[in-house]
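What follows is a single structure, written as structure tokens, with notes after it.
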Amino acid sequence: MDKRKIGVLTSGGDAPGMNAAIRCAVRVGCDLGMEIYGIERGYEGLLEGAIFPMDRNSVADILHKGGTMLGTARSERFKTEEGLDRAAEILDTFGIDALIVIGGDGSLTGARELSERGITVMGIPGTIDNDLGFTDVTVGFDTAVTTCLEAISKIRDTSSAHNRVFVIEVMGRDCGDIALYSGLAGGAETVLIPELPYDVNEICKNIIQSSNRGKQHHIIIKSEGVGISSMELAEEIERKTGRETRVVVLSYLQRGGTPTSTDRLAATLMAEKAVKLLAEGSDSKAIGMVHGEIVAFDIEEALTIKRETVKTIYDLIGVLAK
Ligand code: ATP
């Protein structure tokens, strides 16, 4: 068999640990005698033919860095029939017969579309959102939670010192996992996520009751996707409780930073699996981690698996904050 030519790209929002996945894919691929090509700026770079050969040295000194050495992008034109056909054509022109795509839900949907056009694609979940149903963890999630946790700890000091309520807005348009996990680890009093309803009166009642018990601080972690702006929520709380209420939006602070060991390990092990499957001649797969094991799913099937909100964590936060 001819040497396999494998392309690697990162797509969608950048996530810490993407570099660890690229590094492992390149080095394991080289070790197995494959030719590895980097594709810059996700599907947009693919459409532009921004494709370059990579070797072991290309990925030196990136393991500890956030972001992605390949760059990333969102590409509207790739989504069209014309764009998808063009992408398949470019891969054919470059003689690339398989692709490793590291990205979130949208990126893996794009990977599935390419797979339907005859290209073997390995999807690796790389997104801080943790919003993919087929895997327990996505690369980048643990680092984002750790960053939020650091912020919560600092804000908690001020909250106690000034007897203020804080609303901390974290990322998560449809998926509240960053809020849930950082809220549980950070001892938040209240967590608001897009998947579950909330009641402002209930929140205010809790603030008043906990204040009466002598609690100085009150931290509310709110996902950005919850249907009320953080400022509006803070104003309503201040009006109803008489407690000074401040808003902190963590925004892009959550995206970057050196990846945690958890993210580096997940990224590395998933990338190894992807390359080894390609070496075995596998068809398209989505790689995930389930109960600590690296698992490969049919890519079509993987994207139909629904995420389950961890209601038990939500309930536990409520119990611990009483
Ligand atoms: P994040 O979770 O960080 O937002 P993501 O991969 O979900 O990452 P998207 O912006 O949804 O980010 O998708 C990234 C890119 O994947 C899009 O810009 C587009 O090029 C491609 N893509 C998204 N959805 C589709 C689709 N339905 N069909 C083909 N390609 C898609």
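The basis for the numbers below is simple: all heavy atoms, side chains too, and nothing from hydrogens, waters or symmetry mates. Order of listing sets the numbers, starting from 1, for every ligand and every atom in it.
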Just wondering, do Lys5 and Tyr37 contact through their side chains at under 4.5 Å, heavy atoms? yes

Between the main-chain N or O of Leu149 and the side-chain N or O of Ser182, is there a donor-acceptor pair closer than 3.5 Å? no

Pairing residues for Thr260 by the side chain to side chain contact (heavy atoms under 4.5 Å, CB included) criterion, not counting sequence neighbours: Asp142, Thr143, Thr146, Thr262, Asp263

Run through ligand 1 for me and note each protein residue having a heavy atom under 4.0 Å from it, chain first, then residue number.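 Contacts of ligand 1 under 4.0 Å: Ser11, Gly12, Gly13, Tyr43, Arg74, Ser75, Phe78, Lys79, Gly104, Asp105, Gly106, Ser107, Thr109, Gly110, Glu113, Thr127, Asp129.
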
What residues join Val226 in its hydrophobic cluster, counting side-chain heavy atom gaps under 4.5 Å, either direct or through other members? Val165, Val167, Leu192, Tyr198, Val200, Ile203, Ile207, Ile220, Ile228, Met231, Leu233, Ile237, Val247, Val249

So, are Asp31 and Arg27 salt-bridged, with charged N and O less than 4.0 Å apart? no

Applying salt bridge (Lys or Arg N to Asp or Glu O under 4.0 Å) as the test, list every pair that has at least one member in residues 169-189; sequence neighbours left out. Glu169-Lys222, Asp177-Arg307, Glu189-Lys215

